[in-house]
Amino acid sequence: SLPEGPPEWCAGEGIVPKARGWENNRSGKPGTRQVDLGAAMDPHRLMENAVDLNLKLMLWRAAPSLDLPALAATRCLLLGAGTLGCAVARTLLGWGVRHITFLDSGRVSYSNPVRQCLYEFEDCQGEGKPKAQAAADALRRIFPSVITEGVQVMVPMPGHPIAAGEEEGVQRDAEALEALVRRHDCVFLLMDTRESRWLPSLLCASAGVLAINAALGFDSYLVMRHGSPPLPPLPHPDLARSPAKSTSTRQDDGALCVPSAAARDPHSMSAAVQEVDGDSVQSELAAASASTAGHPSSQAVQIPKTRVGCYYCQDVVAPLDSTAGRALDQQCTVARPGLAPLAGALAVEMLAAVVQERSTGSTEALGEAPHMVRGQLAGAQQTVLRGDAFSQWTACS
């Protein structure tokens with residue numbers, strides 16, 4: 001049976017029931033009510049929410065101290081849009097990074113799409129699309145909300161001769177590169193040749209921008225970070241202080257913070273620091289412990305830590321033209337196909353660890369960011385290393 005209406009609706013023939021078809025809206029007047037269904041129907045907004053949800057699940061279930069907004073706001077510059085550049089870009093998207101800039105002077109060739117995941121057959125047609133722009137277009141197709149651009153610039157390299165009439169172009173490229181470095185928070189060095197990393201290393205060290213290198217051999221890879229400017233000399237006898245902590249903690253490329261009780265005991269402080277930095281700071285420890293005898297026990301002492309080195313600090317020769325006199329097949333990087341995804345993922349995870357530590361002051365979420373990771377597929381070996389900066393090296397001193 002049908003539901004019965006209110007009694008007044010059945011008052012009799014010719015009587016209009018007291019009913020209306022409108023409800024009061026937000027203004028308190030009868031009218032239509034509107035509901036925004038954009039979040040439930042717009043594909044772009046649906047994807048944004050889905051990407052954010054995947055990251056928030058890590059926050060809720062595994063790492064409550066993650067600072068996701070800090071990582072999403074990190075502006076990344078990728079120097080090189082080849083095999084490594086494509087791998088790094090895809091992993092950055094997975095971490096929710098929204099600002100990615102590509103720099104590359106090359107064009108997509110027919111050999112690229114099977115190894116470089118951002119390119120397709122259509123990108124090779126004709127003379128080939130510029131790699132930087134094609135990579136940026138691919139990222140927008142994958143995730144339309146990403147803020148990305150492609151810049152076609154040649155990185156000036158030491159040891160490569162400059163022909164007459166090219167000086168102004170090289171100068172413009174160097175100025176454009178410097179401007180890009182200063183606009184970003186992290187620079188990934190993903191180029192093929194050793195000498196092409198020199199000027200970006202210098203610019204990152206000068207601007208204090210984090211630089212992360214990824215380099216490949218046939219079956220080996222290297223991922224390392226640097227970029228911090230040289231540390232200022234420690235004032236004497238007044239040492240910088242910070243609130244005391246129960247245990248020693250590391251500060252990225254700066255100082256080791258130890259409780260002042262340990263600072264007054266050179267043996268306990270030496271043990272705490274040697275576990276992290278070896279013998280490189282023992283002389284500084286002795287000076288610091290001697291000068292802090294009168295400091296209150298509620299304070300901690302900043303003990304200087306040697307700065308981590310750049311890509312070139314462990315070398316014994318300057319960067320030269322590595323392509324001179326070599327045939328075309330000898331100029332190309334020959335690497336096992338599985339290396340680039342491994343090295344690219346490690347490079348982005350290194351960035352994530354650094355950003356979390358700088359943002360939260362803790363390594364609880366993702367662990368401590370290593371300085372250098374070297375790996376080899378033969379034997380499935382991986383080694384974490386640390387190398388101090390060389391004070392006379394021109395790339396970062």
Side-chain angles (χ1 to χ4, degrees), residues 44-45 47-79 85 87-103 136 139-140 142-149 180-190 200 203-205 207-214 223-229 242-243 245 249-257 302 305 307-308 344-373:
H44 291 182
R45 296 178 65 178
M47 187 168 190
E48 286 184 11
N49 293 335
V51 170
D52 292 340
L53 177 60
N54 184 53
L55 293 169
K56 288 177 181 177
L57 285 174
M58 293 193 297
L59 179 69
W60 298 334
R61 299 176 58 183
S65 59
L66 269 178
D67 188 352
L68 295 176
L71 192 56
T74 303
R75 298 163 298 179
C76 296
L77 173 62
L78 276 57
L79 302 185
V88 167
R90 290 303 302 262
T91 313
L92 286 173
L93 285 184
W95 265 112
V97 175
R98 304 294 175 92
H99 299 76
I100 302 175
T101 302
F102 293 93
L103 184 146
L139 280 195
R140 277 189 289 267
I142 295 168
F143 185 33
S145 299
V146 69
I147 302 171
T148 181
E149 64 173 322
L180 283 170
V181 167
R182 296 185 181 276
R183 277 172 40 198
H184 291 79
D185 305 307
C186 177
V187 179
F188 288 90
L189 280 63
L190 312 168
L203 295 175
C204 288
V209 175
L210 173 66
I212 297 180
N213 269 283
V223 178
M224 66 180 298
R225 63 183 175 93
H226 75 280
S228 299
S242 64
K245 299 180 181 179
T249 58
R250 291 187 63 173
Q251 297 181 352
D252 184 59
D253 298 345
L256 182 72
C257 181
Q302 296 290 332
K305 189 184 71 175
R307 183 168 50 94
V308 296
L346 282 173
V348 177
E349 293 298 328
M350 186 178 288
L351 166 67
V354 170
V355 170
Q356 294 304 312
E357 184 173 355
R358 291 181 177 179
S359 175
T360 65
S362 170
T363 60
E364 178 184 1
L366 300 177
E368 185 178 320
H371 171 222
M372 186 188 318
V373 180

Checklist outcome for this item: Smallest heavy-atom separation, A70 atom then S359 atom, equals CB-OG, 3.7 Å
Next on the checklist: Would you say that M47 contacts P144 through its side chain, given a criterion of any heavy-atom pair below 4.5 Å between the two side chains?
Outcome noted: yes
Checklist entry - Would you say V209 and H184 make side-chain contact, with heavy atoms under 4.5 Å? => result no
Next on the checklist: Determine whether a donor-acceptor pair (N or O, by modelled atom type, separation under 3.5 Å) exists between the side chain of R225 and the backbone of P370.
Outcome noted: yes
Next on the checklist: Quick one, D185 and L210 - any side-chain contact, counting heavy atoms below 4.5 Å?
Outcome noted: no
Checklist entry - Could you state the interatomic distance from NE2 (H99) to CG (L92), rounded to the nearest 0.5 Å? => result 12.5 Å
Item to check | salt_bridge(E149, R183) N-O dist < 4.0 Å | outcome: yes
Item to check | Derivation and outcome, side chain to side chain contact (heavy atoms under 4.5 Å, CB included), residues L366 and L66 | outcome: CA-CA 8 Å; L366 300 177; L66 269 178; 4.0 Å; yes
Checklist outcome for this item: Rounded to the nearest 0.5 Å, the CE atom of M372 sits from the CG atom of N213 at a distance of 10.0 Å
Checklist entry - Given I100 and V88, is the side chain to side chain contact (heavy atoms under 4.5 Å, CB included) satisfied, shown in steps? => result CA-CA 10 Å; I100 302 175; V88 167; over 6 Å; no
Checklist outcome for this item: Here the gap from T363 atom OG1 to Q356 atom CD, rounded to the nearest 0.5 Å, amounts to 11.0 Å
Next on the checklist: Working to the nearest 0.5 angstrom, can you tell me the gap between R98 CZ and C76 SG?
Outcome noted: 13.0 Å
Checklist entry - Below 4.5 Å, heavy atoms only, C-beta onward: do M350 and F188 meet side chain to side chain? => result no
Checklist entry - Going by heavy atoms in the side chains, are C204 and V181 under 4.5 Å from each other? => result yes
Checklist entry - Taking the side chain from T101 and the backbone from L77, do they hold a donor-acceptor pair closer than 3.5 Å? => result no
Checklist entry - Quick one: CG on N54 to CG on N49, what's the gap to the nearest 0.5 Å? => result 12.5 Å
Checklist entry - Out of curiosity, L53 CG to L59 CG, how far, rounded to the nearest 0.5 Å? => result 11.0 Å
